[in-house]
Amino acid sequence: MRQAVVVSEFVAEGGELGKPAARGINMATITIDVINESLEPQNFFIFEEPADDSGEPQVYSNSLDSEALLPHATSNARVTFLIQESDCQPDTIFYVQTGNYPPGTVVNATDASINAAVCDATSGCTTFSVTYNADGSWTVQAMASPGGVDGQLDLPEPDEAQVRPC
């Protein structure tokens, strides 16, 4: 299992840019299991929705994880966020798409998000089972571990025995 670590720092109201407010650090782990049910080996990559849509025709993001899967195989990608506690919540929407974009590679999010699987963690979901079906469509099942309050992402790492549907 690989881990992609994304560090996001947000300035709380009244804070100065570059000088975060003196608050705690929250950590959230998002697990995205990709299942390849197609008849061919597939490359999959995961990227996050950009935090700011500048209104430009093309918006870019970075690949967080990439893996080649044989038919009927499952990955187990984990994305860990270290988030400065603040008055704003980051965009925590992830996309899974076919293609070969190694972690750190710039992705044209505008194009790559078309017909991609969407994993929306803004509601407190922390675990996603994403199936790439034989017909090229996606099925996404979202789960959350117990203890989440109001969609906050400071949930403990999910234990499979305690995971519940969102």
Side-chain angles (χ1 to χ4, degrees), residues 1-8 26-53 58-83 89-166:
M1 171 184 6
R2 295 173 313 282
Q3 273 198 346
V5 177
V6 179
V7 178
S8 300
N26 287 335
M27 186 168 77
T29 300
I30 308 297
T31 302
I32 301 173
D33 295 320
V34 180
I35 303 164
N36 180 15
E37 289 296 340
S38 72
L39 302 176
E40 304 282 328
Q42 295 288 336
N43 288 312
F44 297 97
F45 67 99
I46 298 171
F47 64 98
E48 185 180 9
E49 181 174 282
D52 182 19
D53 184 354
Q58 300 295 315
V59 179
Y60 296 90
S61 184
N62 289 315
S63 174
L64 301 175
D65 191 33
S66 179
E67 187 171 356
L69 292 177
L70 294 172
H72 311 293
T74 302
S75 76
N76 190 351
R78 292 200 174 184
V79 181
T80 301
F81 286 90
L82 302 175
I83 302 171
Q89 184 75 6
D91 287 336
T92 47
I93 299 172
F94 300 90
Y95 295 91
V96 179
Q97 184 59 282
T98 57
N100 189 12
Y101 288 87
T105 303
V106 174
V107 175
N108 180 331
T110 305
D111 292 343
S113 62
I114 297 170
N115 297 323
V118 179
C119 301
D120 186 349
T122 57
S123 64
C125 296
T126 58
T127 301
F128 299 88
S129 178
V130 178
T131 303
Y132 185 68
N133 300 305
D135 64 1
S137 65
W138 299 94
T139 302
V140 178
Q141 181 181 12
M143 307 291 268
S145 62
V149 178
D150 298 328
Q152 295 300 309
L153 289 176
D154 55 349
L155 303 176
E157 189 169 313
D159 177 317
E160 286 191 29
Q162 297 178 354
V163 172
R164 62 176 169 73
C166 283

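Computed from heavy atoms alone, side chains included, the values below leave out hydrogens, waters and symmetry copies.
Looking at every heavy atom in both residues, Ser75 comes nearest to Glu67 through CB-OE1, 3.0 Å. Smallest separation of non-hydrogen atoms from Ser63 and Val107: N-CG2, 3.7 Å. Heavy-atom minimum distance, Thr74 versus Leu69: C-CD2, 4.1 Å. Considering every non-hydrogen atom in both Val130 and Trp138, the closest pair reads CG1-CE3, 3.5 Å. When every heavy atom of Ala112 is checked against every heavy atom of Ala116, the shortest pair comes out as O-CB, 3.5 Å. What you find for Ser66 and Asn100 is that their closest heavy atoms are OG-OD1, 3.7 Å.
Listed by chain and residue number, Gln58, Tyr60, Thr110, Asp111 satisfy the side-chain contact (heavy atoms from CB on, under 4.5 Å) test with Asn108 (two or more places apart in sequence, or in another chain). Applying the side chain to side chain donor-acceptor pair (under 3.5 Å) rule to Gln97 yields no partners; only residues at least two apart in sequence or on another chain are considered. With sequence neighbours left out, the side-chain contact (heavy atoms from CB on, under 4.5 Å) criterion links Asn133 to Thr131, Asp135, Ser137, Thr139. The side chain to side chain donor-acceptor pair (under 3.5 Å) test applied to Ser38 returns Asn36, not counting sequence neighbours. Qualifying ring-ring contact (aromatic ring centres under 6.0 Å, His included) partners for Phe45, counting only residues two or more places apart in sequence or in other chains: Phe47, Tyr101. Residues that satisfy the side chain to side chain donor-acceptor pair (under 3.5 Å) test with Tyr95, not counting sequence neighbours, are Glu49.
Applying the ring-ring contact (aromatic ring centres under 6.0 Å, His included) rule to pairs touching residues 103-130 yields nothing, sequence neighbours excluded.
The distance from the SG atom of Cys125 to the CD1 atom of Ile93 is 11.5 Å, given to the nearest 0.5 Å. We find the OH-OG1 distance between Tyr132 and Thr98 to be 5.0 Å, quoted to the nearest 0.5 Å. For the atom pair Ile46 CD1 and Asp65 CG, the distance stands at 5.0 Å (nearest 0.5 Å). Within the model, atoms OG1 of Thr127 and CD1 of Ile30 stand 7.5 Å from one another, a figure rounded to the nearest 0.5 Å.
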